[in-house]
Amino acid sequence: QVRLVESGGGSVQAGGSLRLSCVASGYTYVSYCMAWFRQAPGKAREEVARIDSDDSTNYADSVKGRFTISKDNAKNTLYLQMNSLKPEDTAMYLCATGPNVGGYCPYTYWGQGTQVTVSS
């Protein structure tokens, strides 16, 4: 059973920074995707950033240059460094993982989320 637990959310003013963490346990895939998603009330879930087992990364256009995804394999931990935060970044942030099937990532396992609130 794969388990993902996020932490690091909080309330900050615009222009501030936060670092989110996601500790993973359970089964490991040879080839995998790990990602951060966010969901705000009344809005669709959005993929913010993704990192594969080969360390390749992808970012949503809205966060490029401001957010950085990384992982520490020894600690089984995924990170999201968020800088220059904007009010529109306010959302519940969730981490997810699943196998990488030729570039397609069916995110089967999800964490419960950590809230990020950015004030003007």
Side-chain angles (χ1 to χ4, degrees):
Q1 179 89 8
V2 175
R3 176 176 162 84
L4 305 172
V5 180
E6 302 98 333
S7 63
S11 182
V12 299
Q13 292 186 315
S17 299
L18 286 172
R19 188 178 75 160
L20 307 183
S21 299
C22 173
V23 179
S25 62
Y27 296 108
T28 300
Y29 302 107
V30 176
S31 181
Y32 62 84
C33 304
M34 295 193 76
W36 287 98
F37 288 77
R38 66 186 180 187
Q39 188 164 33
K43 296 183 179 180
R45 184 176 294 173
E46 174 187 27
E47 183 178 299
V48 176
R50 181 175 72 192
I51 187 166
D52 299 334
S53 51
D54 64 356
D55 288 334
S56 63
T57 58
N58 288 281
Y59 296 92
D61 288 341
S62 59
V63 307
K64 286 182 179 178
R66 299 189 298 119
F67 291 10
T68 303
I69 188 170
S70 63
K71 58 185 173 69
D72 186 330
N73 292 331
K75 296 181 179 180
N76 294 316
T77 302
L78 180 72
Y79 301 99
L80 184 68
Q81 179 66 47
M82 305 185 294
N83 298 325
S84 302
L85 284 162
K86 304 175 181 179
E88 51 262 46
D89 295 319
T90 296
M92 181 71 73
Y93 284 72
L94 306 94
C95 66
T97 190
N100 186 332
V101 185
Y104 171 69
C105 301
Y107 294 108
T108 306
Y109 302 100
W110 297 79
Q112 295 300 303
T114 185
Q115 179 67 37
V116 171
T117 302
V118 185
S119 59
S120 300

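Keep in mind that what you see is a predicted model, and the values were worked out from it rather than measured.
Following chains of ILVMFWY side-chain contacts shorter than 4.5 Å, one cannot reach V2 starting from F37, and the two form parts of different hydrophobic clusters. Both V12 and V63 are part of a single hydrophobic cluster, where members link through side-chain heavy atoms under 4.5 Å apart. In the hydrophobic clustering of ILVMFWY residues, with side-chain heavy atoms under 4.5 Å counting as a link, L80 and V23 come out apart. In the hydrophobic clustering of this structure, V48 groups with I69; members are Ile, Leu, Val, Met, Phe, Trp, Tyr whose side-chain heavy atoms approach within less than 4.5 Å, directly or through other members. Grouping the Ile, Leu, Val, Met, Phe, Trp and Tyr side chains by contacts below 4.5 angstrom, directly or via other members, places L94 apart from V116.
A donor-acceptor pair is defined here as one N or O able to donate and one able to accept, closer than 3.5 Å; no such pair exists between the side chain of S119 and the backbone of T117. Without hydrogens or angle criteria, E6 side chain to C95 main chain gives a donor-acceptor distance under 3.5 Å. With hydrogens and angles ignored, the 3.5 Å screen pairs no side-chain donor or acceptor of W110 with any backbone N or O of L4. Of the possible polar contacts, none joining the T57 side chain to the I51 backbone as a donor-acceptor pair under 3.5 Å is found. Formation of a donor-acceptor pair under 3.5 Å by the Y107 side chain with backbone atoms of C33 is not found in this model.
More than 12 non-hydrogen atoms from other residues, nucleotides or ligands lie less than 6.0 angstrom from CZ of R45. Taking a 6.0 Å sphere around CD of Q13, one finds it holds 12 or fewer heavy atoms contributed by other residues, nucleotides or ligands.
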If you apply the rule side-chain contact (heavy atoms from CB on, under 4.5 Å), what do you find for S7 with T114, and how did you get there? CA-CA 6 Å; S7 63; T114 185; 5.6 Å; no
Salt bridge (charged side-chain N to carboxylate O under 4.0 Å, His left out) evaluation trace for K64 with D61: CA-CA 5 Å; K64 286 182 179 178; D61 288 341; 3.1 Å; yes
Give the C-alpha distance, both sets of side-chain angles, the deciding distance and a yes or no for side-chain contact (heavy atoms from CB on, under 4.5 Å) between E47 and C105. CA-CA 12 Å; E47 183 178 299; C105 301; over 6 Å; no
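Proximity of S62 to E46: side-chain heavy atoms (C-beta onward) are separated by under 4.5 Å at one or more points. Two residues are said to be in side-chain contact when any heavy atoms from C-beta on lie closer than 4.5 Å; P99 and P106 meet this criterion.
A pairwise comparison of heavy atoms in N100 and G103 identifies OD1-N, 2.7 Å as the closest pair. Listed here is the closest heavy atom pair of L20 and G9: CD2-N, 3.6 Å. The two residues L18 and L85 make their nearest non-hydrogen contact at N-CD1, 4.0 Å. S120 and A14 get closest at one heavy-atom pair: CA-CB, 4.5 Å. Residues Y93 and A91 share a closest heavy-atom pair of CD1-O, 3.4 Å. Of all non-hydrogen atoms in W36 and S21, the two that sit nearest each other are CH2-O, 3.7 Å.
Note that CD of Q112 is 11.0 Å distant from SG of C22, once rounded to the nearest 0.5 Å. Distance check, rounded to the nearest 0.5 Å: CE of M34 to OG of S53 gives 11.0 Å.
The side chain to side chain donor-acceptor pair (under 3.5 Å) with K71 is formed by just one residue from the set D52, T77, D55; it is D55.
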